[in-house]
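Inspection log for the structure reproduced underneath, given as structure tokens.
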Amino acid sequence: MKEHMISSSPDRYTFQKDKYIERCREEGRDLDDPNVQALIRLYDDARDRAEQHAQDPEWQKHNLEFDLRTADWIIAKVQESRVYAQNLYAAMCNNDFQKQEVWPILKDQIWSCSWRYAGGIVADMRGEGDYIDWYCSGIKGYEASQEQSEWNMLTPEQQMAHKESTAFVSESVVTDDVREDLALLGWSVCQDVDSSPT
């Protein structure tokens, strides 16, 4: 069986741990306290378990996450475009997927994940960050149109972030580009209704 390189982010599973350590420091708690250390170990163990799990051939079968994290061409698209990365994250949210092979179809076997987990998959594919970088990125809490005077007050980085975010789609939306790429990987969206943005 061919050995696959599974893309991963060195920061995956660190967001909650880092926030816990930050909170302990703010509260003046000793990081050497056995209770604090036990929770820190719990976060570290989660990362270790996930890495071990990813090497299990049974976990790899009919698993969209594995297929995404080992397909060089789709990883390259996720790394080259934050918009594409967000669109892939959004597609994984609130949707079920099925491998287009005989056994998964006959067994009605589906794959799905939580919004947080979807964000973590995208972070792993980009090789940076954690789930929080993508989590709820489709929820737009701003007006898409801005006055020119407001626009001019934004830094170039803020203007770029705004342009990117207007191309982001809501969680559960499957764009045509993502749908086509998933089909190339051998996956389809279950009960797929045309959910592309109009």
Side-chain angles (χ1 to χ4, degrees), residues 2-19 43 46-56 59-95 97 99-100 111-140 154-189 192 195-197:
K2 183 185 172 195
E3 186 75 22
H4 293 279
M5 271 306 273
I6 301 176
S7 61
S8 64
S9 167
D11 302 319
R12 181 92 186 263
Y13 298 100
T14 60
F15 174 73
Q16 291 179 323
K17 173 184 163 183
D18 292 346
K19 286 297 177 187
Y43 289 123
R47 171 198 287 279
D48 294 342
R49 280 191 309 275
E51 288 174 0
Q52 289 172 359
H53 209 120
Q55 300 306 318
D56 180 358
W59 176 85
Q60 296 171 3
K61 286 182 187 174
H62 311 297
N63 186 334
L64 180 56
E65 176 183 1
F66 176 75
D67 290 353
L68 288 169
R69 290 177 57 197
T70 56
D72 293 338
W73 62 274
I74 202 165
I75 291 169
K77 287 181 82 166
V78 165
Q79 291 176 349
E80 290 165 9
S81 169
R82 285 182 49 81
V83 170
Y84 183 84
Q86 191 280 334
N87 290 178
L88 180 60
Y89 153 79
M92 285 188 277
C93 296
N94 296 348
N95 285 307
F97 301 86
K99 184 76 170 176
Q100 294 303 290
W111 182 96
S112 63
C113 68
S114 70
W115 290 20
R116 288 182 186 194
Y117 202 81
I121 292 171
V122 171
D124 275 333
M125 292 175 74
R126 286 183 61 85
E128 63 184 15
D130 202 349
Y131 79 89
I132 197 66
D133 297 311
W134 303 99
Y135 182 63
C136 294
S137 58
I139 299 172
K140 298 177 175 78
L154 298 175
T155 66
E157 293 80 19
Q158 289 171 324
Q159 290 177 355
M160 177 60 75
H162 179 74
K163 285 180 183 177
E164 281 181 347
S165 69
T166 58
F168 285 5
V169 296
S170 297
E171 281 78 2
S172 80
V173 169
V174 183
T175 63
D176 290 338
D177 193 21
V178 169
R179 184 181 293 104
E180 290 166 11
D181 288 346
L182 291 174
L184 289 173
L185 279 179
W187 289 86
S188 65
V189 183
D192 190 13
S195 55
S196 297

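- Interatomic distance, CD of E65 versus CD1 of I6, reported as 8.0 Å (0.5 Å rounding).
- No donor-acceptor pair under 3.5 Å is formed between the side chain of D11 and the backbone N or O of E128.
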After noting the C-alpha distance and the side-chain angles of D124 and I121, does the key distance pass the side-chain contact (heavy atoms from CB on, under 4.5 Å) rule? CA-CA 5 Å; D124 275 333; I121 292 171; 5.7 Å; no
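- Under the 3.5 Å distance criterion, the side-chain polar atoms of R69 are matched with a main-chain donor or acceptor of S7.
- Atom OG1 in T14 sits 11.5 Å away from atom OH in Y43 (nearest 0.5 Å).
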Do Y131 and V122 pass the side-chain contact (heavy atoms from CB on, under 4.5 Å) test, and can you show the C-alpha distance, the side-chain angles, and the key distance before you say yes or no? CA-CA 8 Å; Y131 79 89; V122 171; over 6 Å; no
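- Looking at every heavy atom in both residues, A118 comes nearest to C93 through CB-SG, 4.2 Å.
- The two residues G127 and P10 come nearest to each other via the heavy atoms O-CD, 3.5 Å.
- The minimum heavy-atom distance between L68 and M125, with the atom names listed, is O-CE, 3.5 Å.
- Here the straight-line distance linking atom CE of M92 with atom OH of Y117 works out to 10.0 Å at 0.5 Å rounding.
- Side-chain atoms of Y89 come within 3.5 Å of backbone atoms of C136 as a donor-acceptor pair (strictly under, hydrogens ignored).
- Using modelled atom types, one side-chain atom of D133 and one backbone atom of D130 make a donor-acceptor pair closer than 3.5 Å.
- The distance from the CG atom of L64 to the CG atom of L185 is 7.0 Å, given to the nearest 0.5 Å.
- At distances below 3.5 Å, not a single donor-acceptor pair connects side-chain atoms of S170 with backbone N or O atoms of V173.
- Although no hydrogens or angles enter the test, the distance criterion places a donor-acceptor pair under 3.5 Å between the side chain of R47 and the main chain of R12.
- When every heavy atom of A90 is checked against every heavy atom of N95, the shortest pair comes out as O-ND2, 4.4 Å.
- Note that CG of L88 is 8.5 Å distant from OG1 of T175, once rounded to the nearest 0.5 Å.
- For the pair W111 and N63, the tightest heavy-atom approach, listed with the atom from each and the gap, is NE1-OD1, 3.0 Å.
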Would Y13 and E51 count as a side-chain contact (heavy atoms from CB on, under 4.5 Å) here? Give the steps. CA-CA 11 Å; Y13 298 100; E51 288 174 0; over 6 Å; no
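- For the pair R116 (side chain) and Y135 (backbone), a donor-acceptor distance under 3.5 Å is absent.
- Side-chain contact between K77 and D177 is present, with at least one heavy-atom pair separated by less than 4.5 Å.
- Using modelled atom types, one side-chain atom of Q60 and one backbone atom of A54 make a donor-acceptor pair closer than 3.5 Å.
- For the atom pair CG of D67 and CG of L182, the computed distance is 10.0 Å after rounding to the nearest 0.5 Å.
- Classified by interplanar angle (parallel below 30°, tilted 30° to 60°, perpendicular above 60°), the ring pair F168/W134 is tilted.
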